[in-house]
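Given the structure is predicted, the values throughout are model-derived calculations rather than measurements. Naming convention: chains lettered A, B, ... in sequence-line order (proteins, then strands); numbering from 1 in each chain.
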Amino acid sequence: MSSEPPTTSVDGPGDTRRHVVVIGGGMVAQRFVEALRSRDTDGAWRVSVFAEEPRKPYDRVGLTRYFEVRDADELTLGDPALWDDPLVELHRDCKVSAIDREARTVTDRLGRVHAYDELVLATGSNAAVPPIPGNDLPGVFVYRTIDDVAALRGWVEAKREAGRVETRGGVVEKPVRGAVVGGGLLGLEAAGALKALGAQATVIEFGTHLMGVQIDLGGGQALKRLINDKGISVRAETATKEIRPHRRTGHVGRMDFADGGRLDVDVVVLATGVRPRDELARAAGLETGERGGAVVDLTCRTADPHVWAIGEVACIEGRCLGLVAPGNTMAEVVVDRLLGGEAVFPGADTATKLKLSGVDVASFGDAHGRTEKSVEIVWADPLAGVYKKLVMSDDARTLLGGVFVGDAAPYASLRPMLGAELPGDPAAFLLPEGGGAPALELPDEAQVCSCNNVSAGAVRGAVTEHGCTDVAGVKACTRAGTTCGACVPLVTKLVKTELTKAGVEVSNALCEHFELSRAELFDAVRGADLHTFSEIIARFGRVPDGTTDAGRGCDVCKPVVASVLASLGNGHILAGEQAALQDTNDHMLANMQKDGTYSVVPRMPGGEVTPEGLIVVGQVAKDFGLYTKITGGQRIDMFGARVEQLPQIWARLVDAGFESGHAYGKSLRTVKSCVGSTWCRYGVQDSVGMAVHLELRYRGLRSPHKLKLGVSGCARECAEARGKDVGVIATDKGWNVYVGGNGGQTPRHAQLLAEDLDDAALIRTIDRFLMYYIRTADRLQRTAPWLDDVSGGLDGVRAVVLDDSLGICADLDAAMAAHVEAYEDEWKAVLADPEKLARFGSFVNAPTTPDPALAYVPERGQKRPATPDEVAAGAFDPDLVPVVDAPVLVAGPTLEVRA
Amino acid sequence: MSTLAPTPPTSAPPVVAGPCWTAVCPLDALVPERGVAALVTGSDGEEVQVALFRLVDGTVHAVQQLDPYAGANVMSRGIVGTRRGTPTVAAPVYKQVFELSSGRCLEAAGKEPREGLSGDLASYPVVVADGVVHVGLG
Ligand SMILES: Cc1cc2nc3c(=O)[nH]c(=O)nc-3n(C[C@H](O)[C@H](O)[C@H](O)COP(=O)(O)OP(=O)(O)OC[C@H]3O[C@@H](n4cnc5c(N)ncnc54)[C@H](O)[C@@H]3O)c2cc1C
Ligand code: FES
């Protein structure tokens with residue numbers, strides 16, 4: 001590195017910081033900037049990134065997710081705040097066109113010249129376009145950037161649209177025929193994407209089998225079966241001679257093969273490999289590798305001491321590496337060097353795992369057994385499409401590599417053992433689960449997460465030294481498992497083992513009163529047919545040391561028992577002993593706000609409300625001086641209701657036909673909908689009708705956490721249903737149902753559970769999904785984390801609710817039927833019961849006196865609680881606590897509740 | 001509350017006449033393990049909001065109604081329970097746990113009380129005489 005003082009600075013004189021310029025704004029550039037900003041604590045460097053693409057660095061590894069999330073921003077990498085750092089400048093849509101090494105400047109596409117102290121090339125690769133005639137026809141795509149996949153999607157959707165014909169028997173769709181040239185990791189992912197877009201897919205592979213770089217012939221054959229099962233055709237040993245246009249449209253129309261075969265196509269994806277983008281390096285006179293790439297040494301430096309190269313463009317140890325993990329390692333090496341460190345590139349981990357849903361393929365190390373005298377141990381079950389192979393040293397003890405097709409379960413734990421001795425008979429590791437493989441104790445230096453270069457030792461350290469107590473904490477602390485996620489099972493295992501060792505009980509006990517988890521308690525209560533808290537704690541409670549009985553519960557277990565009893569159909573939540581179990585909000589059937597008053601939300605199923613209803617709501621809010629706001633769930637929230645006003649307010653609402661909206665409960669909140677086919681020009685199904693139906697069906701259903709549903713009338717998804725626990729999206733043929741979405745602090749998109757269901761099948765599927773969740777989820781666990789935890793994940797849930805793999809569907813159906821049958825409006829029931837009503841007084845000895853401490857100030861035409869300072873200064877408006885002259889609705893035999 | 005009346009001995013019939021005791025409500029008006037609020041005037045003429053809790057064993061506890069961590073008068077709406085056998089109430093807003101007999105805060109849930117407020121609750125003596133709950137406010 002240079003020891004000269006800074007040469008230039010665009011920030012003007014006085015800034016003594018050194019300036020590093022990064023060309024390329026891809027994955028590795030992102031890692032570089034992140035690492036530099038986190039390690040350069042003195043702020044010795046400022047960094048400018050020039051990115052050709054018009055967006056912030058995004059997760060190219062997850063590119064195929066674009067079809068699912070449909071929102072490019074979802075793929076953005078890392079913490080977006082990184083780019084707001086004053087020492088970081090990101091120039092988007094700003095390709096660098098030249099480097100002047102002599103002057104130490106770069107020129108961008110607008111002709112602006114920028115000086116650098118150090119230059120980092122992170123220009124990645126281009127998709128290689130094979131020299132086949134017709135490779136530039138409309139309808140031929142590559143698969144590398146968000147723009148590429150967006151264009152591909154647009155094309156396939158337009159072709160599908162054009163192929164739709166109205167016949168007397170309904171709409172028929174001409175299939176869109178797709179082909180992918182290249183049967184590697186990328187080609188298979190692209191083929192899966194074509195299928196997901198609704199096109200057919202044929203993979204054309206020049207070599208003898210799929211994924212030839214990673215797996216051997218035996219694995220390739222097993223893989224072909226699995227791929228065929230996904231509805232994707234494969235033509236191996238096939239060279240494409242020419243791609244021909246359609247005679248009429250000029251679009252891509254036909255592929256001709258060297259063996260004389262041909263294939264009619266409407267769309268072609270070229271996925272034959274990548275070519276390093278070394279054009280700038282070349283033009284600047286830097287050495288490039290035999291197969292391209294800027295040549296660097298093990299410190300990632302080129303022959304010019306001020307120019308570095310990282311990621312796919314770097315030719316290191318004689319080759320370019322097309323994976324993100326080694327690129328990230330290079331980024332860390334250069335950061336270390338810039339900060340005066342001595343890091344060197346430790347060699348590449350080229351382990352890979354195919355990301356095609358339902359097809360398990362993984363390989364690592366010397367998958368082809370090229371090491372001299374290595375021995376191979378193979379386990380194959382051709383019928384099941386399973387092929388597993390370990391490559392071992394000649395004494396069959398040291399692990400050199402492995403290939404897994406159809407069952408990649410051993411991959412996660414074996415990969416980190418690369419180069420280490422395996423305990424016992426290696427064949428045991430290939431047997432189906434439970435085949436007697438010895439438990440592996442990973443050495444500390446074994447790499448667990450290759451995406452983020454995290455070792456087993458670092459994961460253990462997160463628990464032992466940094467005090468992490470769960471997987472989420474370890475992920476945040478070490479970054480392990482935050483990229484492709486393949487290592488999460490292994491990380492989880494390590495964390496659990498470490499916690500147990502540290503004496504931290506990995507317990508799912510609810511609290512000091514129950515050693516059971518919520519799900520266990522649910523089963524126990526259901527099995528023992530218990531109906532009161534006293535019985536339940538006497539039977540299942542834990543007696544703490546030094547006491548004689550289990551006590552009377554607490555604010556953790558009581559609401560859980562309340563919810564379990566409610567889910568099991570135990571009558572009104574304020575009836576009998578149950579009343580004392582309810583959480584604060586359920587207690588008053590309203591949501592407590594910060595000043596101790598409540599908000600009131602009447603149900604408006606599907607977001608539908610009549611003008612008359614709207615007027616009543618408005619009048620009530622006006623009469624009681626309530627602050628009103630439209631909620632995200634398409635209904636109206638009225639704030640500032642005092643305890644003693646709640647019955648009066650509800651008497652008027654119930655009278656107008658409104659019911660409790662359960663905004664206060666861990667229960668169904670709303671079913672959001674778009675207006676659907678009844679009014680909308682694009683809607684293909686009646687989404688409001690379905691939303692109303694679902695909301696009325698599940699209203700009052702108590703659950704481990706709140707439940708939100710959404711129904712969209714077409715693929716435009718205006719109801720944002722995929723941000724809901726259950727999202728329903730209309731298709732031409734019926735409904736697709738997605739599960740496990742949520743907004744909030746950790747937004748999650750719902751995942752597809754089932755497709756093209758008719759109304760009855762849709763409702764049955766949701767019934768079972770919800771009941772299964774209610775029975776097995778943990779306390780306060782929403783559906784998204786539950787899906788991560790539940791046995792078998794989404795696939796497991798699908799098997800339970802669609803294929804009845806546990807044989808419990810009849811039971812789930814009956815439970816939901818009982819819920820629907822037993823539903824009553826909680827507020828109507830309270831109004832009809834003087835004993836329950838009596839609990840809504842403000843003071844036991846002055847039931848109609850408002851809390852004298854309440855104070856409000858006006859804001860934007862409504863009221864809001866006064867701040868402590870405003871209260872202290874007396875700066876509030878006493879008239880904003882109106883006393884309503886209405887009949888006082890406190891208990892008593894002469895009570896008049898309804899007009 | 002520095003001048004609390006001493007809790008009357010339980011053996012002799014309790015004396016609840018006098019300025020420091022206020023009859024609040026019939027015992028029957030209290031649902032076991034659910035609190036209520038009461039407005040009580042102290043001997044200094046000041047009105048105080050009190051939270052009353054009846055436990056399953058029939059005893060009644062009184063603490064201040066003001067939640068010192070939220071600054072709102074809501075303690076009566078907390079969940080009653082036990083911690084290692086000691087009767088407790090959990091604040092409904094931020095879930096601090098208080099010992100019912102003394103008002104002492106057992107778990108602050110990582111929060112600080114509002115400026116100028118004690119983190120513990122004031123507790124008041126309670127006597128049930130002739131089926132009527134009396135609170136002693138001094
Ligand atoms: C569909 C798909 C799936 C993949 N799956 C995996 C996987 O599962 N595991 C894995 O390890 N890897 C996978 N990869 C590969 C991985 O994405 C790359 O290894 C990684 O993105 C390389 O990072 P990079 O920063 O070197 O290059 P890139 O991410 O390609 O970034 C380079 C950037 O530099 C820009 N650029 C180029 N020249 C200039 C210039 N002159 N001026 C300004 N900007 C310029 C480019 O526009 C580009 O945005 C996958 C790739 C694809 C396409
Ligand atoms: S291996 Fe990809 S996230 Fe850990």
Side-chain angles (χ1 to χ4, degrees), chain A residues 511-513 533-534 537 541 543-559 562 574 576-577 579-588 592-598 643-644 835-836 838-839 841-847 849 851-854 865 867-869 871-872 891, chain B residues 22-26 28-41 47-57 65-67 70-97 106-107 109 114-117 133 135:
Chain A
C511 61
E512 68 166 62
H513 304 97
F533 183 75
S534 300
I537 196 163
V543 180
D545 298 341
T547 56
T548 52
D549 61 26
R552 290 299 302 167
C554 64
D555 54 305
V556 171
C557 60
K558 278 186 160 174
L574 299 183
E577 210 196 80
L581 305 179
Q582 304 302 334
D583 225 333
T584 306
N585 288 346
D586 283 302
H587 210 98
M588 292 297 171
M592 186 188 274
Q593 303 302 323
K594 59 196 276 190
D595 64 348
T597 63
Y598 290 85
V643 176
E644 71 277 15
E835 202 193 313
K836 295 195 183 90
R839 299 182 196 148
S842 48
F843 297 100
V844 67
N845 55 350
T849 304
D851 175 355
L854 295 176
T867 62
D869 288 347
V871 174
Chain B
T22 308
V24 173
C25 63
D28 289 350
L30 303 182
V31 178
E33 298 190 337
R34 272 199 70 166
V36 299
L39 267 182
V40 182
T41 310
E47 220 172 35
V48 178
Q49 296 194 31
V50 172
L52 292 175
F53 301 91
R54 174 180 172 176
L55 304 184
V56 275
D57 64 3
Q65 167 72 339
L66 182 66
D67 172 346
N73 290 296
V74 293
M75 283 312 304
S76 63
R77 300 176 225 157
I79 291 184
V80 172
T82 54
R83 287 288 194 281
R84 299 187 141 260
T86 308
T88 54
V89 61
V93 182
Y94 301 121
K95 314 294 176 200
Q96 287 79 18
V97 177
L106 301 180
E107 284 170 33
R114 288 293 186 92
E115 216 180 299
L117 298 180
V133 179
V135 178

B/R34 side chain reached by A/L574 side chain, heavy atoms, under 4.5 Å
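A/L574 reaches B/R34 side chain to side chain.
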
Heavy-atom proximity to chain A below 4.5 Å, by part of [X]:
X	result
B/V24	both
B/P87	neither
B/V56	side chain
B/R114	side chain

Looking at every heavy atom in both [X] and [Y], which two are closest together, and how far apart are they?
X	Y	value
A/C557	A/C511	CB-SG, 3.5 Å
A/P852	B/E47	CG-OE1, 4.4 Å
B/A37	B/Q65	CB-NE2, 3.4 Å

Chain B contact via [X] - side chain, backbone, both or neither, heavy atoms under 4.5 Å:
X	answer
A/E577	neither
A/D595	backbone
A/I537	neither
A/K558	side chain
A/V643	side chain

Does [X] reach the main-chain N or O of [Y] with its side chain, forming a donor-acceptor pair under 3.5 Å?
X	Y	value
A/E512	B/R84	yes
A/N585	A/M592	yes
A/H513	A/V556	no
B/E33	B/V80	no

Specify which of [options] makes the most heavy-atom pairs with chain A at under 4.5 Å.
options	result
B/V74, B/L52, B/L66	B/V74
B/G78, B/G71, B/A38, B/A72	B/A38
B/L30, B/I79, B/L39, B/V36	B/L39

Pairs of heavy atoms under 4.5 Å with chain B: top-ranked of A/R839, A/Q582, A/M588:
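Of the candidates given, the most pairs with chain B belong to A/R839.
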
What option among A/S842, A/A853, A/A579 has the most heavy-atom pairs under 4.5 Å with chain B?
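If we count pairs closer than 4.5 Å to chain B, A/A579 comes out on top.
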
Any carboxylate oxygen within less than 4.0 angstrom of a Lys/Arg side-chain nitrogen, looking at A/D583 and B/K95?
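Answer for the salt bridge query: yes.
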
